[in-house]
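Quick note: numbers below take in every heavy atom, side chains included, and nothing from hydrogens, waters or symmetry partners. Note that ligands are numbered from 1 as they come in the structure, with each ligand's atoms numbered from 1 the same way.
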Amino acid sequence: MALPHVLHTASEVATLRHQLSEQGRTVALVPTMGALHAGHLALVDRARELADVVIVSIFVNPLQFGAGEDFDRYPRTLDADVAALAGKADFVFAPDVNEVYPERIGGEPVPAKHAGVVGENFEGASRPGHFDGVLTVVARLFDIVKPEVVVFGQKDAQQVFLIRNMIHQDGLPIRFEVIETIREVDGLALSSRNRYLSEEERAAALALPHALLAVARHALHSPAGELREVGREVFEQYPLVRLDYLDIVDPTTFQPVSNDYQGPATVVVAAVVGTTRLIDTENLERLHA
Ligand code: PAF
């Protein structure tokens with residue numbers, strides 16, 4: 001199977017984009033930070049269904065990591081990633097930091113996108129500035145690649161909410177496609193960070209999907225307050241895991257729902273297992289107060 005062509009510069013992508021537009025071919029972009037797993041490959045497969053040409057970007061974005069986070073140890077596995085994309089993606093865009101943020105060359109600050117109040121909750125509360133960094137890089141990648149379609153994974157529910165909003169607010173002519181979380185057979189959501197887990201931590205990480213399952217089981221007959229308790233109680237059985245948050249939000253606002261809320265809802269959870277921070281999410285069709 002053919003390996004994707006690897007492009008490293010924004011100008012190579014601009015030339016390609018120009019040629020593709022001339023040929024009337026559409027482009028789907030799958031933004032990633034590499035360390036690809038089956039969850040990413042599912043995004044790429046969906047991208048393949050929606051456009052003529054699939055570009056996967058691989059860039060570990062320094063702006064979305066806080067001090068003391070795992071930027072330095074984040075896995076960088078470009079050769080393996082390119083091999084995994086054989087027969088699936090047409091191009092990989094693997095820029096270095098100066099290609100994405102050319103202002104850095106002259107020592108200028110990078111103008112940031114702002115995620116607003118939703119960006120300060122949940123992941124944003126534990127990782128201040130994280131979503132400003134995510135939106136900034138995603139806007140840059142959209143600007144460089146100019147895709148007709150982009151594909152993201154639902155596991156990062158807050159990121160999905162904020163990027164959808166940005167596309168809407170900035171009036172970008174982009175189809176925003178979200179696909180469901182891909183899980184291991186025992187329920188653990190696939191994540192590039194799972195590779196940090198020891199065997200014991202890997203077993204303990206099941207606290208996250210187990211909590212989501214417990215909430216989903218009670219969703220038809222318990223109000224939101226009780227559901228939060230049901231989910232949080234699951235973590236008491238996992239002493240290796242430190243729960244950061246488990247909450248139930250309105251998918252249209254990403255704000256926690258009130259106790260008498262009825263309607264579709266999203267459960268969001270984050271926890272630290274050893275030194276590894278994991279997140280997960282589940283959509284609930286309907287809550288009945
Ligand atoms: O979800 C990710 O892997 C990253 O946040 C993204 C969207 C590629 C931006 O760096």
Item checked: Side-chain donor-acceptor contact under 3.5 Å, Tyr74 with Glu69 -> no

Check: Who's the nearest protein heavy-atom neighbour of atom 10 (O) of ligand 1, and how far?
Finding: Gln64 OE1, 2.6 Å

Note to self: Only heavy atoms of Phe152, strictly under 4.0 Å: list the atoms of ligand 1 that pass.
What the structure shows: 7 (C)

Next item on the list: Given side-chain contact (heavy atoms from CB on, under 4.5 Å), test Val110 with Leu63 step by step and report yes or no.
Entry: CA-CA 9 Å; Val110 177; Leu63 295 193; 4.2 Å; yes

Margin query: Is there a path of hydrophobic side-chain contacts, each under 4.5 Å between heavy atoms, that joins Phe142 and Ile58?
Written below: no

Checklist line | No-hydrogen, no-angle side-chain donor-acceptor test under 3.5 Å, Asn121 and Tyr245 | finding: no

Margin query: Among all the protein's non-hydrogen atoms, which is closest to atom 1 (O) of ligand 1, and how far away is it?
Written below: Gln159 NE2, 2.9 Å

Checklist line | Side chains of Arg202 and Ser198, donor plus acceptor under 3.5 Å | finding: no

Margin query: Students should be able to answer this: which protein heavy-atom is nearest to atom 3 (O) of ligand 1, and at what distance?
Written below: Met33 CG, 3.7 Å

Margin query: Out of all atoms in ligand 1, which are within 4.0 Å of some heavy atom of Val137? Include the element for each.
Written below: 9 (C), 10 (O)

Notebook entry, point to check: Any idea which part of Thr32 is under 4.0 Å from ligand 1, heavy-atom wise: side chain, backbone, both or neither?
Noted result: backbone

